[in-house]
Amino acid sequence: MKLNRRDFLLLTVGLAAGCQSGTDSIASASRTPRTINCGLAAKYAADGVYSDFKDSGFFVIRRDGQLFALSALCTHRKCKLSAQSDRSFLCPCHGSTFDPVGHVTEGPANRDLPTLSSHTNDQGQLIVSVPGW
Ligand code: FES
């Protein structure tokens, strides 16, 4: 089959889009800073890692009475992390690991996970500010 220039361009753009959506990265999906309402802070009452907003780029974490948001994007190449049962994090792309507070425990990542700015509003809802990645 012979492709003309137009068909070739359509094919390569389509392949690139398909490849991109098939990755486990949100690097290209959300480059605009935004705030996300995570609902009532009371629903995160138990210590643990909540993955509800992983696709938005962060985990909600309750630890020792503190509620905060930790980036869910690996600092190596921004793949989405998986929370582990011991509350650490694993990157499925190249195997980096992070401890429960986001410190790198194994590379290739060499930067800790950032904590995202968050607060509880007057209605008791957790609001997280997500930077443009
Ligand atoms: Fe996480 Fe490479 S993207 S280790």
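Order of appearance sets the numbers: ligands from 1, and atoms from 1 within every ligand. Residues: numbered from 1 along the sequence shown. Only a predicted model underlies this, so the values are computations on that prediction, with no experimental measurement involved.
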Give the numbers and elements of all ligand 1 atoms closer than 4.0 Å to a heavy atom of Cys91.
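Here the atoms of ligand 1 in question are 1 (Fe), 3 (S), 4 (S).
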I want to check something: taking the side chain as every heavy atom from C-beta on, are Cys38 and Tyr44 in contact at a cut-off of under 4.5 Å?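 With C-beta onward as the side chain, the pair touches.
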- Query: Do Lys78 and Cys93 have side chains that get closer than 4.5 Å, going by heavy atoms?
  - Reply: no
Of all N, O or S atoms in His94, the one closest to atom 2 (Fe) of ligand 1 is ND1
The atom name of the N, O or S atom in His76 nearest to atom 2 (Fe) of ligand 1 is ND1
For His94 and His76, take the angle between the two ring planes, folded into 0 to 90°, and tell me which bin it lands in: parallel under 30, tilted 30 to 60, perpendicular over 60.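 Correct class here is perpendicular.
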From the list Ile36, Thr120, Thr35, side chain to side chain contact (heavy atoms under 4.5 Å, CB included) partner of Ile127 resolves to Thr35
- Taking both backbone and side chain into account, is any N, O or S atom of Cys93 nearer than 2.8 Å to atom 2 (Fe) of ligand 1?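 No, outside the cut-off.
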Query raised in the report: Does atom CD of Gln66 have more than 12 heavy-atom neighbours, drawn from other residues, nucleotides or ligands, at distances under 6.0 Å?
Result: no
Within the 4.0 Å heavy-atom cut-off, what Ser96 brings close to ligand 1 is both
